[in-house]
Amino acid sequence: MTSSVLKPAAELAETNVRRFPNESAEYRRARQQLLVEEIELRRHIERVAALRRALPPGGEVTKAYAFTGESGAASLAGLFGNKQTLIVYSYMFGPQRERPCPMCTSFMSTWEEKLPDIEQRVSFVFVARSPIARLIEAKRARGWSRHKVYSDASGDYTRDYVSKDDSDVPGYNVFTRHDGTIRHFWAGEMGAGTMDPGQDPRGAPDMDPLWTLLDTTREGRGADWYPKLSY
């Protein structure tokens with residue numbers, strides 16, 4: 001799909017015949033203008049995804065990273081299972097933390113019921129710096145049964161792919177395996193240095209459905225509200 005063959009977004013928006021009870025003409029005009037922008041946003045998301053898929057080969061993984069899972073020792077290659085793509089979400093629950101990061105926990109909670117779908121296509125695991133016993137305990141406390149959690153006790157993986165200073169920050173990395181060679185494919189690289197004024201650091205599109213849903217409301221995501229571990 002190329003932009004040269006697409007109809008103008010405004011033309012597509014004109015085909016919208018949806019109307020709602022008692023809406024004003026002013027509301028409908030503004031809604032139609034917004035629809036044009038929503039169509040353009042969808043197209044931009046598609047363009048970005050196509051550019052991501054077209055990235056040249058990333059760096060080969062040559063280090064033997066060691067993890068500890070619920071069943072014992074594991075290698076990065078072992079985390080792939082029988083898939084050719086591996087997603088590793090590094091969450092903020094290092095030894096210095098008494099409890100897991102509420103934001104990371106909220107994000108991870110999203111995937112409990114989605115993991116069976118995701119794992120039809122790729123392997124998806126969760127890594128933190130705490131000992132595996134703490135990760136298992138935190139997992140059980142949330143009622144998660146499907147999450148595959150691993151401890152990066154040495155911090156080797158975290159320092160190479162999340163934070164060279166071993167800072168307590170989240171990370172999202174994608175790896176590929178082809179003919180036995182593992183390569184880094186993509187990682188979220190938007191952070192504090194790339195955020196616009198008044199924003200929290202986040203990627204685009206936002207991978208957390210919590211924020212995507214709130215963005216459809218008048219209240220929005222707010223400037224000072226964040227998820228909690230309990231309410």
Side-chain angles (χ1 to χ4, degrees), residues 55 57-112 114-115 118-119 121-178 180-193 201-203 207-208 227 229:
L55 284 169
E60 182 177 352
V61 177
T62 58
K63 189 179 294 186
Y65 296 106
F67 304 91
T68 304
E70 294 177 77
S71 299
S75 64
L76 186 68
L79 302 186
F80 277 82
N82 62 356
K83 299 298 188 292
Q84 301 306 304
T85 294
L86 166 67
I87 300 172
V88 181
Y89 180 67
S90 298
Y91 60 108
M92 298 167 63
F93 189 24
Q96 74 279 17
R97 276 186 174 268
E98 181 179 346
R99 306 174 75 191
C101 165
M103 291 275 284
C104 291
T105 301
S106 175
F107 176 72
M108 292 169 66
S109 294
T110 301
W111 307 114
E112 175 68 13
K114 286 293 185 182
L115 282 172
I118 294 168
E119 290 173 343
R121 305 275 295 171
V122 303
S123 179
F124 191 5
V125 304
F126 303 86
V127 170
R129 289 281 283 110
S130 277
I132 188 62
R134 293 191 80 211
L135 306 186
I136 293 173
E137 180 182 0
K139 170 182 168 177
R140 289 176 177 166
R142 305 305 298 183
W144 297 337
S145 62
R146 296 187 171 103
H147 288 63
K148 296 179 175 65
V149 295
Y150 293 88
S151 169
D152 177 26
S154 71
D156 286 346
Y157 168 82
T158 298
R159 284 186 289 272
D160 283 349
Y161 288 101
V162 181
S163 166
K164 63 181 178 60
D165 300 319
D166 201 9
S167 300
D168 191 29
V169 295
Y172 185 101
N173 285 275
V174 183
F175 298 87
T176 60
R177 179 173 59 185
H178 182 69
T181 299
I182 297 175
R183 291 184 179 276
H184 186 254
F185 171 70
W186 181 85
E189 297 186 12
M190 298 178 72
R202 62 180 186 261
M207 294 184 191
D208 192 335
L229 290 175

Completion exercise
Nearest heavy-atom contact between Ala138 and Pro100 is CB-CG, 4.0 Å
Fill in the blank from the handout: Here the gap from Ile87 atom CD1 to Ile118 atom CD1, rounded to the nearest 0.5 Å, amounts to 6.5 Å
Problem - From Phe93 atom CZ to Arg134 atom CZ, the distance as rounded to the nearest 0.5 Å - result: 3.5 Å
Problem - Qualifying residue for salt bridge (charged side-chain N to carboxylate O under 4.0 Å, His left out) with Arg159, from Asp166, Asp152, Asp165 - result: Asp166
Practice task
Can you measure from CD1 (Ile132) to OH (Tyr150) and round to the nearest 0.5 angstrom?
Solution key: 8.5 Å
Handout entry: Side-chain ion pair, Arg97 and Asp168, N-O less than 4.0 Å
Key = yes
Practice task
Heavy atoms only: give me the nearest Ser90-Val162 pair and the separation to one decimal.
Solution key: OG-CG2, 3.4 Å
Handout entry: Where Met92 and Val169 come nearest, the two heavy atoms and their spacing
Key = CG-C, 3.6 Å
Exercise for the section: Salt-bridge test for Glu70 and Lys139: reply yes if a basic N is under 4.0 Å from a carboxylate O, no otherwise. Expected result: yes
Handout entry: Reported NE2-to-CG distance for the pair His147 and Leu115, which is rounded to 0.5 angstrom
Key = 5.5 Å
Practice task
Would you sort out whether Ser145 and Glu112 count as a side-chain hydrogen bond (donor to acceptor under 3.5 Å, both in side chains), showing the intermediate values?
Solution key: CA-CA 7 Å; Ser145 62; Glu112 175 68 13; 3.1 Å; yes
Practice task
Would you name the heavy atoms of Leu79 and Ala74 that are closest together and state the gap between them?
Solution key: CD2-CB, 4.1 Å
Handout entry: N-O pairing of Arg142 and Glu137 below 4.0 Å
Key = no
Exercise for the section: With Glu119 as reference, evaluate Lys148, Lys114, Lys83 under the side chain to side chain donor-acceptor pair (under 3.5 Å) test and give the passing residue. Expected result: Lys148
Exercise for the section: Considering non-hydrogen atoms only, spot the tightest contact between Phe80 and Leu76 and give its length. Expected result: CD1-O, 3.4 Å
Problem - More than 12 heavy atoms from other groups under 6.0 Å of CZ on Arg183 - result: yes
Exercise for the section: Please name the residue in the list Tyr172, Phe126, Tyr89 that meets the ring pair (Phe, Tyr, Trp, His ring centres under 6.0 Å) test with Phe107. Expected result: Tyr89
